[in-house]
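Okay, so here's the structure we're looking at.
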Amino acid sequence: MAYWLLKSEPDVFGWDHLVANGVSEWDGVRNYQARNFMRDMAVGDKAFFYHSRTGLEIVGIMDIAATAHPDSTAEDPKWVCVDVRADRPFPNAVILEQIKQDASLTDMVLVKNSRLSVQPVTPAEWDRILTLGGF
DNA sequence: GCCAACGTTGGC
DNA sequence: GCCAACGTTGGC
C-alpha cells in the first residue's frame with residue numbers, strides 16, 4: 001500500500017464536497033507528472049486531502065477506490081483520473097506552516113514542489129502528519 | 001490580486 | 001533542438 005497527497009481548491013471541490021458525493025472522480029489533472037502518479041495508485045492506497053489556495057491545510061484522509069481510468073472531463077483520453085472516497089477527517093487540520101516548520105517534513109514534495117497537485121508521501125511523513133493531525 | 005515557479009507550445 | 005512566449009498553479 002502506498003501513500004499520496006492530493007490537492008484541490010476548496011472553493012471548487014473541498015472535503016465537504018467529497019463527503020457529500022461519496023465515491024468521486026479526482027478529475028481535472030492536466031499535468032504529466034501528476035497523471036503518472038495517479039497511474040501508479042492502487043485500490044486501498046491512502047491519500048491526504050489538501051486544501052490549496054484557500055486553507056492551505058491537510059484536512060482529511062481518503063481511500064483510493066478505483067485505479068486510473070480516462071478522465072471524463074478531458075477531450076484527450078491520455079488524461080486519466082482515479083476514484084476516491086473520504087475515509088476520515090483530521091481532528092486537527094495540519095496547516096502548511098506547521099509542516100514547513102517541522103524538521104522531519106522538510107523534504108516533503110508539498111514543501112519542495114508546491115505546484116505539483118498529485119504527489120507521493122513517504123511512510124515516515126505519513127505517520128508524522130497523522131500525529132500532528134491528532135491521530 | 002500579484003507574481004514567482006514551473007510546464008508547455010511553437011517559431012526558427 | 002533551442003528558447004522565448006505563454007498559460008497555469010498556488011503561496012503570499
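Within every chain, numbering begins at 1; the chains are lettered A, B, ... in the order of the sequence lines, protein sequences first and strands thereafter.
- Between the CG atom of Leu116(A) and the C1' atom of dT9(C) there is a distance of 11 Å, given to the nearest Å.
- For Tyr50(A) and dG11(C), the shortest distance from a side-chain N or O to OP1 or OP2 is below 4.0 Å.
- At whole-Å resolution of the value, CG in Asp76(A) and C1' in dT8(B) are 14 Å apart.
- Spacing between atom CD of Gln119(A) and atom P of dT9(C) amounts to 15 Å, rounded to whole angstrom units.
- For the pairing with Phe48(A), the ring-ring contact (aromatic ring centres under 6.0 Å, His included) check across Tyr3(A), Phe90(A), Phe135(A) returns one residue only, Phe90(A).
- Both Arg53(A) and Gln33(A) lie close to DNA chain B; mapped to their nearest nucleotides by heavy-atom distance, the more 5′-ward contact belongs to Arg53(A).
- Atom C1' of nucleotide dC6(B) and atom CG of Asn113(A) are separated by 8 Å, given to the nearest angstrom.
- Between the CG atom of Leu110(A) and the P atom of dC12(C) there is a distance of 10 Å, rounded to whole Å.
- Looking at heavy-atom distances under 4.0 Å, Glu9(A) makes no contact with the nucleic acid at all.
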Practice prompt. Could you give me the CA-CA distance, side-chain angles and deciding distance for Asp11(A) and Arg53(A), then say whether salt bridge (charged side-chain N to carboxylate O under 4.0 Å, His left out) is met?
Written response: CA-CA 9 Å; Asp11(A) 295 343; Arg53(A) 292 276 298 172; over 6 Å; no
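- Rounded to whole angstrom, the span from the CE atom of Met108(A) across to the C1' atom of dG11(C) amounts to 16 Å.
- OP1 or OP2 of dC12(C) has at least one side-chain nitrogen or oxygen of Lys100(A) nearer than 4.0 Å.
- Rounded to whole Å, the distance from CG on Asn31(A) to C1' on dT8(C) is 10 Å.
- The distance between atom CZ of Arg115(A) and atom P of dT8(B), rounded to the nearest whole Å, is 9 Å.
- Atoms CD and OG, from Gln119(A) and Ser114(A) in turn, are 9.5 Å apart once rounded to the nearest 0.5 Å.
- The ring of Tyr32(A) has its center closer than 6.0 angstrom to the ring center of Trp79(A).
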